[in-house]
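Only heavy atoms go into these numbers, but all of them, side chains included; no hydrogens, no water, no symmetry mates.
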Amino acid sequence: MERRSFLAGAGGALASLPLAAAAMAAGEPKAGIGLLRSYVANRDQFPQARLPEVNEILRLRRRPDRSFDPTSIAVEKRDGSQLGYLPPASTGMLAALLDNGFNAYAVTLGGDGHSEVPLQVYLEKASDRTA
């Protein structure tokens, strides 16, 4: 991983602390640490999936079977419908953490309501929360 990417992610984690506090106040999960801001890519591949609401909790699931992007992470609603993927620029460090026993989830942020769904990605210890 490039140092610049790591530092950007670490800075995003620090910048997300106010967001984590707001999520806790809104009754959202308390175990996660804000890791990075990202968005849902490849929405056009899943047109049947309804856009999530603001502050909706989404599942992040590793998809190493995608040969052209072995660090793929799918973004899914709680009902299992897939919305898309995290963009490859966001997945390198996160994929490694997921592969080593950490869990992650995302919370939707306000967006344009069309193609791009902005997210705040949270990381947690595997034993912190049950999905």
Same cluster or not: are [X] and [Y] linked, directly or through other Ile, Leu, Val, Met, Phe, Trp or Tyr residues, by side-chain heavy atoms under 4.5 angstrom apart?
{"X": "L83", "Y": "L36", "value": "yes"}
{"X": "Y39", "Y": "L35", "value": "no"}
{"X": "L119", "Y": "F46", "value": "no"}
{"X": "L123", "Y": "V40", "value": "yes"}

Handout entry: Non-hydrogen side-chain atoms of V75 and R61 separated by less than 4.5 Å
Key = no
Practice task
With the side chain counted from C-beta on, respond yes when Q82 and Q45 share a heavy-atom pair under 4.5 Å apart, and no when they do not.
Solution key: no
Problem - Lys/Arg-Asp/Glu bridge criterion (N-O < 4.0 Å) met for R63, D65 - result: yes
Handout entry: Between D69 and T71, a side-chain donor and acceptor under 3.5 Å
Key = yes
If every non-hydrogen atom of [X] is compared with every non-hydrogen atom of [Y], which pair is closest and at what distance?
{"X": "Q120", "Y": "G34", "answer": "NE2-CA, 3.7 Å"}
{"X": "P52", "Y": "L58", "answer": "CB-CD2, 4.2 Å"}
{"X": "I73", "Y": "A95", "answer": "CD1-N, 3.8 Å"}
{"X": "A96", "Y": "N100", "answer": "O-ND2, 2.7 Å"}
{"X": "F102", "Y": "E124", "answer": "CD2-O, 3.6 Å"}
{"X": "S38", "Y": "P87", "answer": "OG-CD, 3.2 Å"}

Problem - Pi-cation contact, Y105 with R78 (under 6.0 Å, within 45°) - result: no
Handout entry: Main-chain N/O of A74 paired with R62 side-chain donor or acceptor, under 3.5 Å
Key = no
Exercise for the section: Identify the residue among L98, L60, L86 that makes a side-chain contact (heavy atoms from CB on, under 4.5 Å) with T91. Expected result: L86
Problem - Steps toward side-chain contact (heavy atoms from CB on, under 4.5 Å) verdict (V117, L51) - result: CA-CA 8 Å; V117 178; L51 287 172; 3.6 Å; yes
Handout entry: Gap separating the CZ atom of R37 from the OG atom of S90, nearest 0.5 angstrom
Key = 12.5 Å
